[in-house]
Amino acid sequence: MSWLDDWVDAAHPSLVALRRQLHAHPEPGRAEHATTALLVHRLTAAGLSPKVLDGGTGVVCDVGAGSPVVGLRADIDALPLEDLKDVPWRSQRPGLCHACGHDVHTSVVLGAGLALATQDLPGTVRLVFQPAEELMPGGAIDVVAQGHVDGLSTIFGLHCDPSLDAGYVGLKSGPLTAAADVVEVRLTGPGGHTSRPHN
């Protein structure tokens with residue numbers, strides 16, 4: 001696996017730059033057009049043949065040929081939140097930011113695909129860059145409906161987990177953080193003042 005260490009050492013600066021570019025230019029679900037174009041550009045430059053999903057956002061790309069076919073999935077959309085960080089790669093789009101780590105997920109899966117593309121694989125790795133993970137209905141429905149999980153022997157969905165220390169990877173079989181929900185709360189009652197909460 002020394003090839004992988006060498007590849008990561010060489011690619012690390014460009015992957016960090018990619019992640020920061022994505023973080024600075026977040027896009028909401030089903031509107032990830034620049035993110036999709038960037039992924040297509042990077043995959044095509046590596047000699048791969050990415051396919052954009054029918055909705056115009058999201059990308060699927062096979063690396064290698066033959067079976068088994070294993071999927072690696074990342075989500076590419078941002079959340080409708082202000083980016084409160086004070087860093088050079090802070091979101092430049094008011095009201096949008098990658099607060100859930102999708103910029104990291106995208107960079108990691110792209111990096112894995114680019115690294116694997118340098119090898120003679122005994123099967124296929126399908127890269128799935130899913131749009132609209134934070135919406136309902138989500139982009140996973142599009143990926144499935146368009147047949148991009150057909151033939152997969154397994155799929156690994158990537159997600160950051162702040163409960164794990166840096167340098168560790170957690171694995172779980174089955175669903176994990178697998179739902180986006182909307183909750184509406186209505187409060188009724190008399191008006192009040194924060195200095196008199198007992199009233």
Practice item. Please assess W89 against Q21 for the test side chain to side chain contact (heavy atoms under 4.5 Å, CB included), listing each intermediate value before the final yes or no. Key: CA-CA 7 Å; W89 57 90; Q21 179 180 356; over 6 Å; no
Check your understanding: Any link between V104 and V128 through a network of hydrophobic side chains (Ile, Leu, Val, Met, Phe, Trp, Tyr) touching at under 4.5 Å?
Key -> no
Point to revise | Spatial distance of atom CZ (R30) from atom NE2 (H33) [nearest 0.5 Å] | key: 11.0 Å
Point to revise | Closest non-hydrogen atom pair, L114 against W7 | key: CB-CZ2, 3.6 Å
Revision key, fill the gap. Correct closest heavy-atom pair for G71 and L152 would be N-CD2, 3.9 Å
Study note, to complete from the structure: When rounded to the nearest 0.5 Å, the distance separating CD1 of I76 from CG of D103 is 12.0 Å
Practice item. Give a yes or no on whether a salt bridge exists between R186 and E184, defined as a side-chain N under 4.0 angstrom from a carboxylate O. Key: yes
**Study point:** NE2 on H25 to SG on C97, rounded to 0.5 Å
**Key:** 14.0 Å
Check your understanding: Is a donor on one side and an acceptor on the other found under 3.5 Å between the side chain of T44 and the backbone of H41?
Key -> no
Exercise for review: Report the C-alpha distance between D6 and L4 in whole Å, list the side-chain angles of each, state the deciding distance to 0.1 Å, and finish with yes or no for side chain to side chain contact (heavy atoms under 4.5 Å, CB included).
Suggested key: CA-CA 5 Å; D6 294 341; L4 183 56; over 6 Å; no
Review point. Would you say the side chain of P131 lies within less than 4.5 Å of the side chain of L53, judging by non-hydrogen atoms?
Key: yes
Check your understanding: Is there side-chain contact between I155 and V70, with at least one heavy-atom pair below 4.5 Å?
Key -> no
Review point. Ignoring hydrogens and geometry, is there a side-chain-to-backbone donor-acceptor pair from S91 to L96 under 3.5 Å?
Key: yes
Exercise for review: Give the minimum heavy-atom separation between G111 and L15, together with the two atoms involved.
Suggested key: CA-CD2, 3.9 Å
Exercise for review: Report the C-alpha separation of S107 and L22 in whole Å, then their side-chain angles, then the decisive distance to 0.1 Å, and conclude whether the side chain to side chain contact (heavy atoms under 4.5 Å, CB included) test is met.
Suggested key: CA-CA 9 Å; S107 301; L22 293 171; 3.9 Å; yes
**Study point:** Side-chain heavy-atom pair R90, H23 within 4.5 angstrom cut-off
**Key:** no
Review point. Roughly how far, to the nearest 0.5 Å, is the CD atom of E133 from the CG atom of L79?
Key: 8.5 Å
Point to revise | Check against side chain to side chain contact (heavy atoms under 4.5 Å, CB included), H148 and D62 | key: CA-CA 10 Å; H148 297 301; D62 284 353; over 6 Å; no
Check your understanding: Rounded to the nearest 0.5 Å, how far does CZ of R20 lie from NE2 of H98?
Key -> 14.5 Å
Review point. Taking side chain as C-beta onward, heavy atoms only, is D75 less than 4.5 Å from E134?
Key: no
Review point. Same cluster for V40 and L43 if Ile/Leu/Val/Met/Phe/Trp/Tyr side chains link at under 4.5 Å?
Key: yes
Side-chain atoms of residues 156-174: list all donor-acceptor pairs with protein atoms under 3.5 Å, sequence neighbours left out, distances to 0.1 Å.
unit_1 : atom_1 : unit_2 : atom_2 : d
D161   : OD1    : S163   : N      : 2.9
D161   : OD1    : S163   : OG     : 2.6
D161   : OD2    : S163   : OG     : 3.2
K172   : NZ     : P175   : O      : 3.0

Check your understanding: Hey, quick one: are L48 and V125 part of the same hydrophobic cluster, counting side-chain heavy atoms closer than 4.5 Å, chains of contacts allowed?
Key -> yes
Review point. With the 4.5 Å side-chain cut-off for hydrophobic clustering, are V144 and V69 part of the same group?
Key: yes
Review point. Got L110 and L18 here, is their nearest side-chain heavy-atom distance under 4.5 Å?
Key: yes
Check your understanding: Under 3.5 Å, is there a donor-acceptor pair between the side chain of E32 and the main chain of A132?
Key -> yes
Check your understanding: Which heavy atom of Q146 sits nearest a heavy atom of G55, and at what distance?
Key -> NE2-N, 4.5 Å
Practice item. Side-chain contact test, heavy atoms from C-beta onward, threshold under 4.5 Å: evaluate it for L127 versus L39 and give yes or no. Key: no
Check your understanding: Given the rule that I, L, V, M, F, W and Y join up when any side-chain heavy atoms are under 4.5 Å apart, are L38 and V63 in one cluster?
Key -> yes
Check your understanding: Is a donor on one side and an acceptor on the other found under 3.5 Å between the side chain of T124 and the backbone of G66?
Key -> yes
Check your understanding: Do side-chain atoms of T118 reach the backbone of A115 as a donor and acceptor pair under 3.5 angstrom?
Key -> yes
Practice item. Answer yes or no: are there more than 12 heavy-atom neighbours, outside K51 itself, under 6.0 Å from its atom NZ? Key: no
Review point. Considering only heavy atoms from C-beta outward, does the side chain of D77 approach that of E27 to under 4.5 Å?
Key: no
Review point. So, do L121 and L116 sit near enough that their side-chain heavy atoms are less than 4.5 Å apart?
Key: yes
